[in-house]
Amino acid sequence: MDIRRLGTQGLSVSAQGLGCMGMSEFYAGRDEAESIATIHRALDLGVVFLDTADMYGPFTNEELVGRAIRDRRDEVVLATKFGNMRGPDGAFLGVNGKPEYVRACCEGSLKRLGVDVIDLYYQHRVDKTVPIEETVGAMSELVRAGKVRYLGLSEASPRTIRRAHAVHPISALQTEYSLWTRDPEDDVLPTCRELGIGFVPYSPLGRGFLTGRFRRFEDLPEGDYRRSSPRFQGENFQRNLDLVSKIEEIAREKLCTPAQLALAWLHAQGQDVVPIPGTKKRSRLEENVGALSVVLTADDRRRIDEVAPKGVTAGERYPALAMKALDS
């Protein structure tokens with residue numbers, strides 16, 4: 001497994017990570033035993049960069065990850081997130097970046113994960129009511145206290161990234177980035193590179209759409225949150241399926257799967273880019289790891305850019321209210 005560096009503070013991770021969210025919520029069809037086996041298989045394959053958050057479950061995904069790594073903590077680069085408030089019943093209660101909330105969340109995550117220190121601690125969403133300097137200031141106190149090693153942000157705008165980085169070095173920015181979400185190329189990714197911040201794409205397979213497994217809206221299981229995603233709705237679904245068909249054609253020529261092609265394209269964007277495809281099955285994990293063996297030529301990349309240029313995707317990333325809440 002290749003190793004890539006995130007930021008300039010010393011954080012090294014596997015070239016590809018594992019998103020653990022779907023093991024506990026949002027995607028239908030969960031099996032805890034298989035999820036834990038998937039995490040163990042990831043570690044066996046050298047995929048040591050694990051991503052979770054307190055809100056997943058809510059709260060239960062950290063516990064699952066903690067159980068899975070209990071005897072293998074030294075192998076893991078563990079990332080978790082705070083900031084999205086949820087009640088015990090799962091209700092979404094908004095975003096909170098207040099210093100006291102930062103400290104309380106960290107204590108909760110450490111307990112649920114069963115660890116003494118979090119390797120990478122992200123602010124999951126930016127609280128527009130609290131100056132980012134106050135939030136990152138509280139996060140930096142956690143570093144000084146030895147409870148957190150490195151700091152990250154998620155879905156932050158260039159302006160917020162700069163202000164945060166001035167308070168304490170930010171090692172990684174996590175934002176959606178894939179063949180159907182190329183917006184970060186405009187100013188977010190360049191800002192990260194200017195400041196020496198690593199880039200962690202989440203949903204690198206378009207929430208599974210880029211794998212080609214969905215051919216009809218009805219293919220989405222009941223209760224799956226993607227049923228409310230604009231990109232999976234109505235005419236948007238068919239237009240996006242046309243994009244997938246073109247990706248599949250190139251993948252066939254490269255003797256790889258569409259998922260592997262989509263991940264290989266992200267790997268080719270730079271040594272500072274580390275995607276974290278999520279899965280809860282060992283078979284999918286192994287397929288995703290296979291992307292690291294796919295070599296894209298300059299001509300391959302040109303063809304991919306032609307079929308999947310920025311803005312080609314139909315529909316917003318999230319429903320309207322969630323889009324409005326994003327930092328801008």
Side-chain angles (χ1 to χ4, degrees), residues 6-7 9-11 13 17-21 23-25 39 48-70 73-74 76-88 90 92-156 160-161 163-175 197-198 200 202 276 327:
L6 294 177
Q9 290 73 53
L11 176 58
V13 301
L18 173 61
C20 300
M21 179 189 77
M23 297 176 179
S24 300
E25 195 180 12
I39 292 174
V48 300
F49 186 32
L50 305 183
D51 183 89
T52 181
D54 59 2
M55 72 160 281
Y56 300 156
F59 314 117
T60 57
N61 192 240
E62 288 182 324
E63 293 174 346
L64 184 152
V65 172
R67 287 194 294 274
I69 68 171
R70 182 172 298 140
R73 175 64 181 99
D74 292 345
V76 176
V77 179
L78 184 59
T80 192
K81 301 178 284 291
F82 76 92
N84 282 315
M85 295 191 299
R86 297 185 68 182
F92 287 86
L93 305 176
V95 176
N96 193 333
K98 295 179 180 178
E100 59 271 23
Y101 185 74
V102 176
R103 292 188 285 268
C105 284
C106 182
E107 294 298 334
S109 290
L110 288 169
K111 182 177 180 179
R112 285 186 292 272
L113 290 163
V115 299
D116 297 322
V117 60
I118 295 164
D119 296 308
L120 176 58
Y121 200 41
Y122 294 99
Q123 181 185 22
H124 206 164
R125 289 293 185 270
V126 175
D127 184 347
K128 298 179 182 180
T129 69
V130 176
I132 192 65
E133 290 82 359
E134 293 184 14
T135 302
V136 175
M139 294 169 71
S140 69
E141 292 174 3
L142 299 174
V143 176
R144 288 192 291 274
K147 297 179 179 181
V148 169
R149 291 194 172 102
Y150 302 98
L151 302 185
L153 301 175
S154 179
E155 290 286 358
T160 297
I161 295 168
R163 290 170 56 192
H165 194 66
V167 175
H168 186 280
I170 301 298
S171 295
L173 177 79
Q174 183 177 129
T175 288
I197 298 172
V200 178
Y202 74 82
I276 51 169
D327 187 36

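All values below come from the heavy atoms of this structure, side chains included, with hydrogens, waters and symmetry mates left out.
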Fill in: Exam field: side chain K81 to backbone T52, donor-acceptor pair closer than 3.5 Å
yes
Worksheet item: Okay, side chain of R125, backbone of N84: is any donor-acceptor separation there less than 3.5 Å?
Response: no
Practice prompt. Mind checking the CD1-OG1 spacing from I161 to T175? Nearest 0.5 Å is all I need.
Written response: 6.5 Å
Practice prompt. State which residue, out of L110, I118, V148, fulfils the side chain to side chain contact (heavy atoms under 4.5 Å, CB included) condition with L142.
Written response: V148
Item to complete: Flag the pair Y101 / M85 as yes when at least one side-chain heavy-atom distance between them is below 4.5 Å, and no otherwise.
Response: yes
Fill in: Gap separating the CG atom of L50 from the SG atom of C20, nearest 0.5 angstrom
5.0 Å
Worksheet entry | Shortest non-hydrogen contact between H168 and S140, atoms and distance | CD2-CB, 3.5 Å
Worksheet, complete the sentence: Here the pair of heavy atoms bringing A172 nearest to V200 is CB-CG2, 4.1 Å
Practice prompt. Decide, yes or no, whether a salt bridge links K147 with E141 under the criterion of side-chain N to carboxylate O below 4.0 Å.
Written response: no
Worksheet item: If you look at every heavy atom in I170 and Q9, which pair is closest and at what distance?
Response: O-OE1, 3.8 Å
Fill in: Which atom of Y121 lies closest to which atom of C106, heavy atoms considered
OH-N, 3.1 Å
Worksheet, complete the sentence: Minimal heavy-atom distance between V143 and R149, with the atoms involved, is CG1-O, 4.0 Å
Discussion item. Checking S24 now: which residues fulfil side chain to side chain contact (heavy atoms under 4.5 Å, CB included) with it, not counting sequence neighbours?
Written reply: T60, N61, L64
Worksheet item: Pick one: which of V77, V13, D119 meets side chain to side chain contact (heavy atoms under 4.5 Å, CB included) with V48?
Response: V77
Discussion item. Working to the nearest 0.5 angstrom, can you tell me the gap between H124 NE2 and N96 CG?
Written reply: 14.5 Å
